[in-house]
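Proteins come first, then strands; the chains are lettered A, B, ... in the order of their sequence lines, and each starts at number 1.
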2 protein chains.
Amino acid sequence: MMKLGAFLPAPGHHVAAWRHPHARPDGGLDFDYYRSLVRTAERGRFDMVFLSDGAGVRTTYRDAEELSRQGRMVHFEPLTLLSALAVHTTHIGLTATASTTYNEPFNIARKFASLDFLSSGRSGWNVVTSVTDAEAQNFNLDRQPDHATRYDRAREFMDVVTGLWDSWEDDAFEYDKESGRFFDPDKLHILHHQGKHFSVRGPLNVARPPQGYPVIVQAGSSPDGQDFAARWAEVVFTAQQTLDQARTFYRGIKKQAAEHGRNPDDVKVLPGTFIVVGRTRAEAEDKYAALQDLVDPVVGLGLLTGQLGDVDISGHPLDGPLPDLPPTEGSTSKQQLIYEQARREGLTIRQLYLSVAGGRGHRFLLGTPESIADELEEWFVGEGADGFNIMPDYLPDGLDAIVDLLVPELQRRGLFRTEYEGRTLRDNLGLPRPAFGAARHPAERRA
Amino acid sequence: MMKLGAFLPAPGHHVAAWRHPHARPDGGLDFDYYRSLVRTAERGRFDMVFLSDGAGVRTTYRDAEELSRQGRMVHFEPLTLLSALAVHTTHIGLTATASTTYNEPFNIARKFASLDFLSSGRSGWNVVTSVTDAEAQNFNLDRQPDHATRYDRAREFMDVVTGLWDSWEDDAFEYDKESGRFFDPDKLHILHHQGKHFSVRGPLNVARPPQGYPVIVQAGSSPDGQDFAARWAEVVFTAQQTLDQARTFYRGIKKQAAEHGRNPDDVKVLPGTFIVVGRTRAEAEDKYAALQDLVDPVVGLGLLTGQLGDVDISGHPLDGPLPDLPPTEGSTSKQQLIYEQARREGLTIRQLYLSVAGGRGHRFLLGTPESIADELEEWFVGEGADGFNIMPDYLPDGLDAIVDLLVPELQRRGLFRTEYEGRTLRDNLGLPRPAFGAARHPAERRA
Ligand SMILES: Cc1cc2nc3c(=O)[nH]c(=O)nc-3n(C[C@H](O)[C@H](O)[C@H](O)COP(=O)(O)O)c2cc1C
Ligand SMILES: Cc1cc2nc3c(=O)[nH]c(=O)nc-3n(C[C@H](O)[C@H](O)[C@H](O)COP(=O)(O)O)c2cc1C
């Protein structure tokens with residue numbers, strides 16, 4: 001079975017989504033709006049809702065006037081939003097992005113453990129190392145730490161967080177009112193972590209989460225990112241544009257996971273997929289054209305700049321080619337992907353920003369339920385993907401169309417569930433519940 | 001009108017609460033349990049539910065065996081829990097404790113702004129600087145920063161957080177689909193804070209909260225703590241045992257607030273009050289005796305040690321007097337309060353731990369609805385308090401008794417509301433909504 005994430009930034013993925021007549025530009029701070037979206041996704045039997053995040057507003061625009069034309073800008077912090085959604089849903093997984101660069105592991109371990117209890121085992125954590133200097137500047141730095149340092153910290157961060165989740169064995173708490181013993185002292189494990197980036201004593205003041213550990217999702221596809229994913233991720237969110245690329249990436253992750261002593265089936269690869277679906281191809285094309293017409297050049301260029309890792313291309317003519325780019329300390333894999341696309345398809349800067357206006361470098365599918373199901377099936381069967389992180393164009397219509405038109409077609413083909421397999425995110429993703437201490441010794445798990 | 005907080009640690013305040021036959025020792029990680037408690041408090045028209053917090057488990061016990069007899073230990077992280085409760089309640093305020101010592105201001109500003117949107121203006125932040133080395137050891141330190149340094153950081157933390165809440169004017173967002181302008185660039189204010197502890201650029205990626213700023217609650221009563229409260233707090237949670245003490249504290253806070261250019265009415269002083277109420281005094285005494293009988297000496301001594309700021313008194317006989325104490329870097333006001341009580345009442349160590357087993361140094365009221373209402377009224381009318389942070393003995397029974405017996409008596413006397421005045425926590429507390437930029441120039445507010 002395919003695994004499907006519903007990646008739901010208000011008011012949709014297309015950069016001009018907020019200008020659509022049906023869109024709710026203020027949806028990012030409206031709980032009822034989100035509740036209704038996530039219930040639609042749950043009706044569509046999605047494995048999880050996925051929320052990206054950044055700890056800041058990108059402000060590398062020429063001036064406030066330019067910035068004021070960008071959409072989104074303000075929205076709920078994902079962990080607080082998902083905590084509220086947890087108690088208004090019953091089956092769908094809840095995955096929030098949080099950065100290892102701008103948080104402390106004790107706080108993150110606590111919050112995700114808490115969300116896992118609130119949701120009775122439906123939490124996921126998308127582990128990122130962040131990408132912009134704008135974020136660094138909100139945390140006492142001028143520039144972000146370099147790429148290698150960020151991943152170095154991220155690796156140690158995971159040791160600490162999983163160690164904290166293993167503070168208490170699953171059955172540590174006895175609550176024996178008679179004897180007065182609250183827990184079994186042999187089942188408390190104090191971490192005493194002393195490392196390069198962190199020293200954290202423990203124990204965590206939350207019990208072991210219902211899922212053992214919340215599901216570890218990861219987004220970041222550079223060599224460092226892939227190595228990190230192979231060691232830690234149970235779901236890998238990635239941007240891939242061709243089946244060949246996707247296959248290479250998929251095989252690489254699975255192989256590296258095996259080298260880390262893991263079962264390759266325990267890492268699900270979910271390429272992001274921007275979808276515009278209509279009852280007919282013409283209907284889909286019309287929908288897309290309407291959105292593309294709404295793209296303000298200032299916004300298109302701003303988006304492209306961000307995708308390229310905040311590289312300044314404003315001096316170059318819009319109708320000329322993309323120049324060669326300096327290396328970025330941001331997402332190297334993202335920059336590479338978009339650069340290659342421009343060269344492969346021979347796009348001008350304007351054509352390039354229009355091409356990323358929807359999917360932001362992710363695969364773009366437009367058509368009927370049948371044609372899109374064909375394309376998803378091809379990647380799924382062809383070992384390019386275990387499923388997809390679905391990116392609707394604008395909300396709520398885009399998600400409604402996916403749930404009402406595309407999902408039934410996938411179900412008809414037996415590619416997607418008609419009922420949830422279980423009550424936890426792990427149950428539905430087909431991931432094992434990690435035994436106590438599982439993260440500590442990956443080599444031992446092989447034995 | 002009195003203001004009432006419902007201070008609700010599962011499974012209640014009494015140190016032996018979890019051993020009571022009706023208590024739910026696992027309630028700290030059960031959402032349905034908390035939802036039911038908070039709905040009871042809302043039925044009782046409480047201003048707010050109040051959750052204390054610490055970023056760690058105190059592990060200064062002799063060994064794990066001793067630790068295993070302490071209750072509580074694991075519980076929800078307050079911000080995630082209150083986010084979930086926000087969407088299952090309609091009027092009650094939601095106040096979470098978070099430390100300025102172990103968080104970054106950008107993250108705190110975001111999360112509380114997000115909670116304020118989730119709850120449509122019912123969030124409060126209890127600002128603390130933390131008290132134990134056990135917490136420090138979860139954040140890369142051996143010992144906590146000293147008392148003065150913690151408060152110094154806290155003051156700058158507030159400048160940053162309120163500055164971030166003022167990133168966007170209240171009406172900054174235009175969402176003009178036609179022109180493509182998302183916000184008015186003149187209404188964006190980038191903080192550019194550069195200080196001793198923090199450099200934070202801004203803007204916040206959340207709009208200005210519904211309440212302008214979430215309500216600022218503060219707990220910490222040392223001279224530094226009082227100065228901080230007078231400058232920043234809108235609700236002061238404090239431990240006071242006699243009306244004389246309470247009056248001195250109350251007058252001091254109001255006077256200092258005025259010196260900071262604030263209206264003294266905009267600072268509400270709420271002493272913590274541990275309550276055991278019965279239909280008759282005998283019933284209340286029986287309830288209390290039943291709990292006191294369940295206090296394990298190891299637990300009583302552990303609690304007392306914590307209240308004294310982790311000062312080791314284990315070498316002294318339980319039936320002898322409290323020795324002189326070394327200064328603590330923890331809560332100096334708490335240590336002082338309990339030390340004075342021991343001397344004033346001539347208590348042995350055992351008597352002292354039994355006396356703090358319920359209220360942990362807070363005022364203790366036991367009796368009938370009428371007698372307790374008399375005692376609350378005396379402090380309220382006598383300018384010792386603007387209201388109380390109510391601490392039930394064990395849950396849910398203790399809260400039920402307060403809502404069903406004591407609250408109606410207060411209402412009958414016209415001391416407490418029968419209906420909520422408004423929909424935001426500020427409305428109900430009678431606090432003004434701060435205008436844009438209000439926190440920046442306290443001296444100007446006087447003008
Ligand atoms: C598909 C994808 C999605 C990402 N989503 C986020 C995100 O939501 N927030 C964020 O800070 N970084 C995000 N990143 C970047 C990660 O932070 C990543 O850890 C870091 O920038 C390095 O990326 P790289 O390994 O691809 O170079 C994403 C990256 C990819 C490839
Ligand atoms: C009534 C009261 C309640 C408090 N609650 C908490 C709390 O929940 N979490 C915490 O870390 N500190 C708490 N503190 C202590 C504060 O962190 C305080 O900022 C710091 O320890 C210094 O306190 P002091 O000013 O009383 O010395 C509390 C203090 C008082 C007096």
**Student:** Which atoms of D186(A) are under 4.5 Å from chain B, going by heavy atoms: the side chain, the backbone, both sets, or neither?
**Tutor:**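 Nothing of D186(A), per the 4.5 Å heavy-atom cut-off to chain B.
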**Student:** Name the region of Q70(A), side chain, backbone, both or neither, that has any atom closer than 4.5 Å to a heavy atom of chain B.
**Tutor:**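 Backbone only.
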**Student:** Mark yes or no for whether K177(B), through its side chain, and P21(A), through its backbone, hold a donor-acceptor pair below 3.5 Å.
**Tutor:**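 Pair found, side chain donor or acceptor close to backbone of P21(A).
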**Student:** Side chain from CB out, backbone as N, CA, C, O: work out which of these in E104(A) comes under 4.5 Å of a heavy atom of chain B, or both, or neither.
**Tutor:**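 E104(A) touches chain B through side-chain heavy atoms alone.
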**Student:** Just give me the residue among L81(A), N103(A), L294(A), V200(A) that pairs up with chain B most often, heavy atom to heavy atom, under 4.5 Å.
**Tutor:**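 Of the candidates given, the most pairs with chain B belong to V200(A).
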**Student:** Which bit of A86(A) comes within less than 4.5 Å of chain B, counting heavy atoms only: side chain, backbone, both or neither?
**Tutor:**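 Neither part; nothing is under 4.5 Å.
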**Student:** For chain B, find which of F173(A), F198(A), F139(A), W168(A) contributes the most heavy-atom pairs closer than 4.5 angstrom.
**Tutor:**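 Greatest number of close heavy-atom pairs with chain B: F139(A).
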**Student:** Taking N138(B) for the side chain and G202(A) for the main chain, is one N or O donor matched with an acceptor at less than 3.5 Å?
**Tutor:**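 Pair found, side chain donor or acceptor close to backbone of G202(A).
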**Student:** Could you look at Y34(A) and say if it's the side chain, the backbone, both or neither that has a heavy atom under 4.5 Å from chain B?
**Tutor:**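 When you check distances to chain B, no heavy atom of Y34(A) falls under 4.5 Å.
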**Student:** Give, for atom CD of Q137(B) and atom NE2 of H192(A), the distance between the pair rounded to the nearest 0.5 Å.
**Tutor:**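 Those atoms lie 9.0 Å apart.
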**Student:** Hey, is CG on D142(A) packed in by over 12 heavy atoms from elsewhere, all under 6.0 Å?
**Tutor:**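 Atom CG in D142(A) is not crowded, with 12 or fewer foreign heavy atoms closer than 6.0 Å.
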**Student:** Report which part of L204(A) has an atom under 4.5 Å of a heavy atom belonging to chain B: side chain, backbone, both, or neither.
**Tutor:**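 The backbone, not the side chain.
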**Student:** Relative to chain B, which of N107(A), L79(A), L115(A) shows the most heavy atom pairs under 4.5 Å?
**Tutor:**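 When all of N107(A), L79(A), L115(A) are compared, N107(A) has the most.
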**Student:** If you count heavy-atom pairs under 4.5 Å with chain B, which of A23(A), A113(A), P25(A) comes out on top?
**Tutor:**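 Ranked by contacts with chain B, first place is P25(A).
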**Student:** So how far is it from D296(B) CG to R181(A) CZ, rounded to the nearest 0.5 Å?
**Tutor:**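 Spacing of CG (D296(B)) from CZ (R181(A)) equals 12.5 Å.
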**Student:** Side chain of N205(B), backbone of V74(A): donor and acceptor closer than 3.5 Å?
**Tutor:**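 Side chain of N205(B) to backbone of V74(A): no pair is present.
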**Student:** Side chain, backbone, both or neither: which part of R72(A) has a non-hydrogen atom closer than 4.5 Å to chain B?
**Tutor:**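 Backbone of R72(A) only, per the 4.5 Å heavy-atom cut-off to chain B.
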**Student:** Which atoms of H193(A) are under 4.5 Å from chain B, going by heavy atoms: the side chain, the backbone, both sets, or neither?
**Tutor:**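 Contact with chain B: none, neither part.
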**Student:** Side chain, backbone, both or neither: which part of S179(A) has a non-hydrogen atom closer than 4.5 Å to chain B?
**Tutor:**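 Just its backbone gets close to chain B.
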**Student:** Specify whether F182(A) and W18(B) have parallel, tilted or perpendicular ring planes, treating 30° as the upper limit for parallel and 60° as the lower limit for perpendicular.
**Tutor:**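 F182(A) and W18(B): perpendicular rings.
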**Student:** Please look at F76(A) and chain B and tell me whether the side chain, the backbone, both or neither of the residue comes under 4.5 angstrom of a heavy atom of that chain.
**Tutor:**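 Contact with chain B is through both the backbone and side chain of F76(A).
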**Student:** Quick check for you: to the nearest 0.5 Å, what is the distance between S167(A) atom OG and M73(B) atom CE?
**Tutor:**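 Answer for the OG-CE pair, S167(A) versus M73(B), is 12.0 Å.
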**Student:** Given that the side chain runs from C-beta out, which part of E178(A) has a heavy atom under 4.5 Å from chain B: side chain, backbone, both or neither?
**Tutor:**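 Looking at E178(A), just its backbone touches chain B.
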**Student:** Would a distance-only check, ignoring hydrogens and angles, find a side-chain to backbone donor-acceptor pair under 3.5 Å from D26(B) to Y175(A)?
**Tutor:**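 Not at all, since once roles are kept as given, no pair shorter than 3.5 Å links the two residues.
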**Student:** Could you tell me which portion of D53(A) (side chain, backbone, both or neither) has an atom closer than 4.5 angstrom to a non-hydrogen atom of chain B?
**Tutor:**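 For D53(A), the contact with chain B is made by the side chain alone.
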**Student:** Considering only heavy atoms, which portion of P105(A) lies under 4.5 Å from any heavy atom of chain B: side chain, backbone, both, or neither?
**Tutor:**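 Neither part, no heavy atoms under 4.5 Å.
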**Student:** With distance as the sole test, does T80(A) use its side chain to make a donor-acceptor pair with the main-chain N or O of S114(B) at under 3.5 Å?
**Tutor:**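 Between the backbone of S114(B) and the side chain of T80(A) there is no qualifying donor-acceptor contact (under 3.5 Å).
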